[in-house]
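All residue numbers in this chain count up from 1 along the given sequence. Every heavy atom of this structure was used, including side-chain atoms; hydrogens, water molecules and symmetry mates were not.
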Amino acid sequence: MLPANTVPIVYITDDNYTMPTIISIISLLKNMQNPPTVYILGIDLSNKNKEYFNGLNGVKLLNLDNKYKNLDLKHRHVTKSALFKFDLAEIFNEFDKILYIDSDTVIKDDIKTLLDTDVEGVYGGVVKDCIGEIIHNDTKRLSVKNYFNSGVMLLNLAKMREDNIKEKLLNAKKTAPVDYLDQEIFNIVFKDNVKFLNPEFNYMVTNKKLMKKTVEKFYGVKKINPKIIHLTYLKPWEYKGIAYSREWMKYYNLSPFKDEKLNLKENPDKFRLYKKEKYNDRWVIDILGLRISYKKGGKNFRLFYP
């Protein structure tokens, strides 16, 4: 097995996500005792943003043109640059294994044990998406046994190249509904050929919408101490007073952006007496600080934290 510091860490970004990407990298470098090389796939970056990345120690910037820019996509949360995840096995053909991390993350601890994880025989190590399975019923929607999040993936590039996974991902994308982006496609193509990791390596902030016991039971753990926080909902560079804002701001204040004022909006999820929303086949109602969800006809009630 290769030492952890020889397994590179990869981010993908464009001009829209340069600042969050740099914050995540700073948190990574500050918390790893012996960090590996960090690669940035910069898609159509401006010269100014290239300077930011080139100013980081231990980071290598690869500049790429956005070959997916003319693809017809209608997903409001993810940019087309995310589709470069499909190309990772070919771009990094000198490596058998890499760790891919999304830019909207904060690394709180050393992740050497993650880099050392054996993914032989599978396409990668991933973390199940609790909200996707429990609330959005994505396993049924995609006809998969388990649904995982693609924001942190320890990828077995050697097996991906051997099985021509890039072409399978691209073909699946071409035939999938237009709003399916990389996460749905990875789930469809990888299916059960993955190893499920401890949720501490991709703790999705959306998990806070569920009761703590519900999340722990879903993952089969007694306690979750996040090492990688994935800001999968409201972003701390856009909204004030949201989950893990303090952790993110800690590294923002160590970044080259620290003197720039963030024009933060009010938290739209702050406490309300009553709110009702629909998530696919479920209704979710907030009443006096509690969150209750149920299916049409008042069936299958679930209780959540606010």
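Below 30°, between 30° and 60°, or above 60°: for Trp237 and Trp248 the angle between ring planes is between 30° and 60°, a tilted geometry.
In this structure, Asp129 has no salt bridge (Lys or Arg N to Asp or Glu O under 4.0 Å) partners at least two apart in sequence or on a different chain. For Lys60, the side chain to side chain contact (heavy atoms under 4.5 Å, CB included) partners are Thr37, Tyr39, not counting sequence neighbours.
Donor-acceptor pairing under 3.5 Å is recorded for the side chains of Lys85 and Ser150. In this structure, a donor-acceptor pair under 3.5 Å is absent between the side chains of Ser24 and Ser103. Residues Glu120 and Asn156 bring no donor and acceptor atom of their side chains to less than 3.5 Å of each other. Of the N and O atoms on the side chains of Asp102 and Tyr100, at least one donor lies less than 3.5 Å from an acceptor on the other residue.
In the displayed structure, Lys250 atom NZ is contacted under 6.0 Å by at most 12 heavy atoms of other residues, nucleotides or ligands. Shown here is Asn57, whose CG atom has no more than 12 heavy atoms of other residues, nucleotides or ligands within 6.0 Å. Around atom CD of Gln33, no more than 12 heavy atoms belonging to other residues, nucleotides or ligands sit under 6.0 Å away.
Lys97 places a side-chain N or O within 3.5 Å of a backbone atom of Leu115 that can act as its donor or acceptor partner. Distance alone, capped at 3.5 Å, places no donor-acceptor pair between the Lys50 side chain and the Leu61 backbone. Tyr11 places no side-chain N or O within donor-acceptor distance of the main-chain N or O of Ile22, the cut-off being under 3.5 Å. Counting only distance, with no hydrogens or angles, the side chain of Thr18 and the backbone of Asp14 share a donor-acceptor pair below 3.5 Å.
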key: Asp96/Arg161 under salt bridge (charged side-chain N to carboxylate O under 4.0 Å, His left out): CA gap, chis, key distance, verdict   = CA-CA 9 Å; Asp96 288 341; Arg161 287 190 290 267; 3.4 Å; yes
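Between Phe186 and the options Tyr123, Tyr180, Phe86, a ring-ring contact (aromatic ring centres under 6.0 Å, His included) holds for only Phe86.
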